[in-house]
*Asks:* 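Just passing along the structure, written as structure tokens.
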Amino acid sequence: MSVTSSTPAVASSAAAQAPASKPRRSHWARRLAIALVAALAGGGGALAWGMHEQPSIPPVVWLQHPVQSFTFALGGNPHPVQLVLPPQQPLSAVALLGRQLFFDTALSASGKQSCASCHDPANGYNPPPGSGPVMLGGPNMTSPGFRPPPSLAYLYRQQPFSIGPDNEENETITLQQLAALGQTSQRAKKTAQSTAQSVQNLVPTGGLFWDGRVNTLQQQAGGPLFNPVEMDAGTPQRVAAIIERQPYAKTFLQLFGPNVFADPKQTVSEALFAIARYQIEDPQFHAFNSKYDAWLQGRATLTSQEMRGYLAFNDVNKGDCAACHLDQPTKDHLPPLFTDTQYEALGVPRNPQIPANQNPHYFDIGLCGPFRTDLKNQTAYCGMFLTPTLRNVAQRPVYFHNGVYHSLKQVLDFYNFRDVQPGRIYPTVDGQVRKYDDLPPQYRANVDVTDPPLNRKLGEQPAMTAQDMRDIIAFLHTLNDGYTPLKPTS
């Protein structure tokens with residue numbers, strides 16, 4: 001992804017792509033912008049426009065692209081796009097059945113837990129507000145999990161797990177061969193301006209769960225259903241017997257035939273298929289109705305703080321968030337998912353609130369285990385976890401794979417101070433900062449120290465100011481679903 005037509009402060013050449021209609025108006029707008037820059041240089045314009053609050057757009061960009069810069073300064077989008085959104089249509093009969101299953105607590109051992117218990121529709125399909133780093137489940141709702149549930153939203157375009165760029169050559173070799181190649185390939189730096197250069201990297205991408213161990217929503221739904229510390233549904237025989245007694249059993253027979261309950265495994269398979277169809281068909285799982293989506297389409301105006309945050313989000317010398325959380329529409333106008341679906345080892349600190357972490361010998365190392373086993377010998381990937389979407393991120397109760405943080409400020413503090421002031425991030429024991437304390441020492445070399453802002457050294461200036469971080473947080477709130485654009489006045 002390259003940040004182009006929407007970010008003059010990050011990619012100043014982008015605005016040249018604007019259509020050259022109404023040249024007389026552009027000519028006078030350019031004169032006005034030049035006059036404004038001159039006034040700013042004299043100090044009077046700064047007072048008039050309150051430039052301490054306006055987005056920081058360099059004077060040279062004002063001169064080169066005055067109309068676009070003027071629009072940005074006022075919070076508008078100079079290049080609105082028509083997004084290709086998922087179709088709005090009635091749910092199929094299978095998806096309607098899946099909705100009933102998604103909310104059915106009877107399937108769990110406790111009789112109190114459903115899919116929606118950990119993926120709250122009112123909270124962006126994140127865990128419910130106030131949740132801890134892990135959810136409680138099992139037969140008595142007292143068994144702690146190991147990771148916080150990721151959001152179930154915006155997974156309809158998630159690709160199967162793979163390693164390396166998607167090309168015909170890679171399709172002829174096995175995953176293990178690709179993993180071996182990836183361990184020896186040279187890694188290119190990835191920034192918000194140069195994601196195209198990093199395409200050469202052989203990196204893990206795609207899949208579901210924090211470690212990508214399954215490829216379909218149907219498989220994903222089966223994980224929590226039978227996990228003994230989650231819904232703990234027991235056996236397919238038990239689940240099929242419960243479904244056969246439910247009011248929707250008649251729908252099962254109508255959709256899947258009179259013999260669907262003869263084979264419990266088939267019954268469960270059809271149930272999981274129905275849940276997957278519900279997630280794919282119901283537009284609430286991928287609503288694309290945030291303020292940012294409206295802004296992309298020219299139907300909303302960002303506040304000064306939100307615009308400053310957007311620019312810092314894309315600025316290689318500040319947040320550089322867009323390097324991994326892609327924020328521009330695809331070439332075919334699909335809306336951005338705010339993730340590149342790749343895996344990163346970030347070295348977040350250990351979370352003592354996870355019961356499993358009370359064992360000092362227990363480590364969650366992502367792609368290498370303990371829940372995924374097929375890559376356990378590919379040590380270059382140990383400590384890597386899936387990059388999640390940032391849509392509805394302001395609604396998550398906890399962050400990262402171990403839920404160590406509870407606020408966006410803590411998350412940005414981690415990125416800002418991890419390397420330059422590690423004592424602010426990690427515990428200090430006997431006068432020594434225990435950096436990367438949630439990874440065994442032999443895997444700490446896998447932690448990303450290449451991509452900005454994680455490429456800074458001890459004692460250097462942090463990439464973001466406190467104001468930058470507040471601005472980015474304001475921008476992240478524009479990614480919450482449910483924004484209602486103002487109707488244009490007549």
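Only heavy atoms go into these numbers, but all of them, side chains included; no hydrogens, no water, no symmetry mates.
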*Asks:* Do side-chain atoms of N140 reach the backbone of S143 as a donor and acceptor pair under 3.5 angstrom?
*Replies:* no
*Asks:* Hey, is the main chain of P329 close enough, under 3.5 Å, to the side chain of H333 for a donor-acceptor pair?
*Replies:* no
*Asks:* Mark yes or no for whether T216, through its side chain, and Q219, through its backbone, hold a donor-acceptor pair below 3.5 Å.
*Replies:* yes
*Asks:* Please determine whether a side-chain nitrogen of the Lys or Arg among R456 and D419 lies less than 4.0 Å from a carboxylate oxygen of the Asp or Glu.
*Replies:* no
*Asks:* Validate the cation-pi geometry between R424 and F417: distance from NZ or CZ to the six-membered ring centre under 6.0 Å, angle to the ring axis within 45°.
*Replies:* yes
*Asks:* For a ring-ring contact (aromatic ring centres under 6.0 Å, His included) check, start with the C-alpha distance between F414 and Y399, then their side-chain angles and the critical distance, and finish with the verdict.
*Replies:* CA-CA 11 Å; F414 167 76; Y399 298 92; over 10 Å; no
*Asks:* Search all heavy atoms of A300 against all heavy atoms of K291 and return the closest pair with its distance.
*Replies:* CB-O, 3.9 Å
*Asks:* With side chain to side chain contact (heavy atoms under 4.5 Å, CB included) as the criterion, how do T387 and D340 come out once you've worked through the C-alpha distance, each side chain's angles and the decisive distance to 0.1 Å?
*Replies:* CA-CA 7 Å; T387 299; D340 60 4; 3.9 Å; yes
*Asks:* Surrounding CG of D332 (heavy atoms of other residues, nucleotides or ligands, distance under 6.0 Å), is the total greater than 12?
*Replies:* yes
*Asks:* So is R350 actually on top of F363's ring, under 6.0 Å and inside 45° of the axis?
*Replies:* yes
*Asks:* Hey, which of D481, T339, N392 is the one that makes side chain to side chain donor-acceptor pair (under 3.5 Å) with Y154?
*Replies:* D481
*Asks:* State the OH-CD distance between Y426 and Q432, to the nearest 0.5 angstrom.
*Replies:* 15.5 Å
*Asks:* Under 4.5 Å between any side-chain heavy atoms of R157 and P335, yes or no?
*Replies:* yes
*Asks:* Charged N to carboxylate O below 4.0 Å: is that the case for K318 and D320?
*Replies:* no
*Asks:* In Å and rounded to the nearest 0.5 Å, what is the CD to CD distance from Q421 to E460?
*Replies:* 11.5 Å
*Asks:* For the residue pair L83 and L334, establish whether any side-chain heavy-atom pair is separated by less than 4.5 Å.
*Replies:* no
*Asks:* Any non-hydrogen side-chain atom of V203 less than 4.5 Å from a side-chain atom of Y343?
*Replies:* no
*Asks:* Does the D293 side chain pair with the main chain of S290, one donor and one acceptor, at a distance under 3.5 Å?
*Replies:* yes
*Asks:* Assess the residue pair Q100 and D104 against the criterion (side chain to side chain contact (heavy atoms under 4.5 Å, CB included)); give the C-alpha distance rounded to whole Å, side-chain angles, the decisive distance to 0.1 Å, and a yes or no.
*Replies:* CA-CA 6 Å; Q100 292 179 281; D104 192 354; over 6 Å; no
*Asks:* If you apply the rule side chain to side chain contact (heavy atoms under 4.5 Å, CB included), what do you find for F400 with L346, and how did you get there?
*Replies:* CA-CA 9 Å; F400 292 116; L346 297 174; 3.7 Å; yes
*Asks:* Any non-hydrogen side-chain atom of P128 less than 4.5 Å from a side-chain atom of M135?
*Replies:* yes
*Asks:* Please report the closest heavy-atom contact between G145 and V134, naming both atoms and the distance.
*Replies:* O-CG1, 3.6 Å
*Asks:* To the nearest 0.5 Å, what is the distance between CD1 on I163 and CD on Q342?
*Replies:* 11.5 Å
*Asks:* Within the side chain of D413, is there an N or O that forms a donor-acceptor pair under 3.5 Å with the backbone of Q410?
*Replies:* no
*Asks:* Going by side chain to side chain donor-acceptor pair (under 3.5 Å), name the residues that satisfy it together with S151, two or more places apart in sequence or in a different chain.
*Replies:* none
*Asks:* So that I can tick it off, tell me whether R277 and E281 are bridged by a salt bridge, with the cut-off set at under 4.0 angstrom between side-chain N and carboxylate O.
*Replies:* yes
*Asks:* May I ask you to decide if G383's main-chain N or O and N446's side chain share a donor-acceptor pair within less than 3.5 Å?
*Replies:* no
*Asks:* Return the set of residues passing side chain to side chain contact (heavy atoms under 4.5 Å, CB included) with V447 (not counting sequence neighbours), or none when no residue passes.
*Replies:* R418, Y436, L439
*Asks:* Tell me the closest heavy-atom pair linking L479 and Y292, and the distance in Å.
*Replies:* CD2-CB, 3.7 Å
*Asks:* Would you please test F209 and F371 for side chain to side chain contact (heavy atoms under 4.5 Å, CB included) and show each step?
*Replies:* CA-CA 10 Å; F209 294 124; F371 307 110; over 6 Å; no
*Asks:* Judged by atom type as modelled, is there a donor-acceptor pair below 3.5 Å linking the side chain of N357 to the main-chain atoms of P352?
*Replies:* no
*Asks:* Which heavy-atom pair separates R213 from R147 by the least distance, and what is that distance?
*Replies:* NH1-NH1, 3.7 Å
*Asks:* How long is the span from the CD atom in E306 to the OG1 atom in T478, to the nearest 0.5 Å?
*Replies:* 6.0 Å
*Asks:* Taking G212's backbone N and O only, do any of them form a donor-acceptor pair with R372's side chain (distance below 3.5 Å, no angle check)?
*Replies:* yes
*Asks:* Determine whether a donor-acceptor pair (N or O, by modelled atom type, separation under 3.5 Å) exists between the side chain of R391 and the backbone of H286.
*Replies:* no
*Asks:* Among D211, I365, D364, which residue meets the side-chain contact (heavy atoms from CB on, under 4.5 Å) test with F385?
*Replies:* D364
*Asks:* What I'd like to find out is whether the side chain of V348 reaches to under 4.5 Å of the side chain of N402, using heavy atoms alone.
*Replies:* yes
*Asks:* Donor-acceptor pair, distance only, cut-off 3.5 Å: does the side chain of D327 make one with the backbone of A322?
*Replies:* no
*Asks:* For residues 112-121, which side-chain N or O atoms pair as donor and acceptor with protein atoms under 3.5 Å away, sequence neighbours left out?
*Replies:*
residue	atom	partner	partner atom	Å
Q113	NE2	L136	O	3.2
S114	OG	A116	N	3.2
S117	OG	S114	N	2.9
S117	OG	S114	O	3.4
H119	ND1	Y125	O	3.3
H119	ND1	P150	O	3.1
D120	OD1	A122	N	2.9

*Asks:* Taking the side chain as everything from C-beta on, heavy atoms only, tell me whether P86 gets closer than 4.5 Å to I280.
*Replies:* no
*Asks:* Just wondering, more than 12 heavy atoms not from Q442 lying within 6.0 Å of its CD?
*Replies:* yes
*Asks:* Salt bridge between D471 and R308, side-chain N to carboxylate O under 4.0 Å?
*Replies:* yes
*Asks:* Kindly check if the number of other-residue, nucleotide or ligand heavy atoms within 6.0 Å of CZ (R444) is above 12?
*Replies:* yes
*Asks:* Distance check, rounded to the nearest 0.5 Å: C368 atom SG versus N377 atom CG?
*Replies:* 8.5 Å
*Asks:* On a heavy-atom basis, which atom in W295 and which in T301 lie closest, and how many Å separate them?
*Replies:* CD1-CA, 4.4 Å
*Asks:* Rounded to the nearest 0.5 Å, how far does CG of L296 lie from NE2 of H79?
*Replies:* 12.5 Å
*Asks:* Where is the tightest heavy-atom contact between F226 and G234, given as atom of each residue plus distance?
*Replies:* CD2-O, 3.1 Å
*Asks:* Hey, does L476 have a side-chain heavy atom less than 4.5 Å from the side chain of I472?
*Replies:* yes
*Asks:* Run the ring-centre check on F338 versus H325 and record whether the distance is less than 6.0 Å.
*Replies:* no
*Asks:* Within a strict 4.5 Å, meaning less than it, do heavy atoms of the P133 and N351 side chains meet?
*Replies:* yes
